[in-house]
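This report refers to the structure that appears directly beneath it.
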Amino acid sequence: GQEHAADGARRAGVFESGRLGYLARLNWAWDLLCLGRFAEAFTELAEIRGLVDLDLRPGHRLVLFIGRAYAVALRRIGRHAEALEAIEDNYAQCNDSLGGDNEATLASGITYANTLAAMDRAVEAGNVVSETRASLSRSFGGDNPFTLAAVLNVAIIVRKQGRWTEAAD
């Protein structure tokens, strides 16, 4: 209630407009997501998404970063079909604008796989996360923390398919 209204007032006074302001608000929204304040994060991301769509060109990194966070927020508030649509669009834009081995594209791929898994589409999720893991390994090495996190995602998704032995490997 009042605490959240105060957050909004502080945010309005602290965040400037333009790219730096968008980046600050994106970081604020990620903080909200990490704190489990999913509805607030969604509201923030919906607002800045509308602003960047008017202000920045399609494919701009901030548009892509905000698009991914928006898809995560949609998934966390239970709007899975909309989250899937948003992350499919984001993943395609990342691939088109940045290439398949770019870190933003790879992060979008993991989010895409997680969204598919949340919708019990484990086979599709497994395909996406396996492809993303291979790209991460190729781009950053097998011992990179992001690659290792993708390996964990592969195991979780394979386990959802009932392939316990393969998940353990």
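Considering every non-hydrogen atom in both Ala113 and Val129, the closest pair reads CB-CB, 3.7 Å. Closest approach of Asn95 to Gly100, counting heavy atoms only: OD1-CA, 3.2 Å. Heavy-atom minimum distance, Gly142 versus Leu148: O-CD2, 3.4 Å. Heavy atoms only, all atoms of each residue included: Ile157 and Ala122 are closest at CG2-O, 3.4 Å. Residue Gly109 comes nearest to Val128 through the heavy atom pair O-CG1, 3.4 Å, listed as atom of the first residue, atom of the second, then distance.
Atom CG of Leu84 and atom OG1 of Thr115 lie 6.5 Å apart (nearest 0.5 Å). We find the CH2-CZ distance between Trp28 and Arg25 to be 11.5 Å, quoted to the nearest 0.5 Å. One finds the CG atom of Leu26 at 5.5 Å from the CD1 atom of Ile66 (value rounded to the nearest 0.5 Å). Here CG of Leu51 is found 12.0 Å from CG of Leu62. Values are rounded to the nearest 0.5 Å. We find the CD-CZ distance between Glu44 and Arg37 to be 11.0 Å, quoted to the nearest 0.5 Å. Taken from CG in Asn114 to CD1 in Ile156, the straight-line distance is 7.5 Å, to the nearest 0.5 Å.
Scored by the side chain to side chain contact (heavy atoms under 4.5 Å, CB included) test, Ser97 finds Leu64 as partners (sequence neighbours excluded). A search for side chain to side chain contact (heavy atoms under 4.5 Å, CB included) contacts involving Asn102 returns Arg61, Leu98, Ala104, Thr105, not counting sequence neighbours. Evaluation of the side chain to side chain contact (heavy atoms under 4.5 Å, CB included) rule for Glu103 yields Phe140 as partners, not counting sequence neighbours. Shown here are the side chain to side chain contact (heavy atoms under 4.5 Å, CB included) partners of Asp31, two or more places apart in sequence or in another chain: there are none.
In the model, Asp89 has a side-chain atom that pairs as donor or acceptor with a side-chain atom of Gln93 under 3.5 Å. Side-chain atoms of Arg68 and Ser108 include no donor-acceptor pair closer than 3.5 Å.
With contacts defined as side-chain heavy-atom distances shorter than 4.5 Å, the pair Asn144/Leu136 does not qualify. The closest side-chain heavy-atom distance from Asn90 to Ile87 is below 4.5 Å. Between Phe146 and Ile110, every side-chain heavy-atom pair lies at or beyond the 4.5 Å cut-off.
Of the possible donor and acceptor atoms, one in the side chain of Ser139 sits under 3.5 Å from a partner among the backbone N and O of Ser135. Thr43 contributes a side-chain N or O that, together with a main-chain N or O of Ala39, makes up a donor-acceptor pair within less than 3.5 Å.
More than 12 heavy atoms of other residues, nucleotides or ligands shown are found within 6.0 angstrom of CZ on Phe38. Atom CD of Glu124 has more than 12 neighbouring heavy atoms from other residues, nucleotides or ligands inside a 6.0 Å radius. Other residues, nucleotides and ligands contribute at most 12 non-hydrogen atoms within 6.0 Å of the CZ atom of Arg76.
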Audit row: Val63, Arg49, side chain to side chain contact (heavy atoms under 4.5 Å, CB included) steps and yes/no: CA-CA 7 Å; Val63 172; Arg49 186 171 178 245; over 6 Å; no
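Note on Leu45 and Trp30: same hydrophobic cluster, where clusters join Ile, Leu, Val, Met, Phe, Trp and Tyr whose side-chain heavy atoms are under 4.5 Å apart, directly or indirectly.
Within the structure, ring-ring contact (aromatic ring centres under 6.0 Å, His included) contacts touching residues 58-80 (residues at least two apart or in different chains) are Phe42-Tyr70. The list of ring-ring contact (aromatic ring centres under 6.0 Å, His included) pairs with a residue in residues 81-114, not counting sequence neighbours, reads Tyr91-Tyr112.
Here Arg75 does not pair with Glu82 in a salt bridge; the nearest charged N to carboxylate O distance is not below 4.0 Å.
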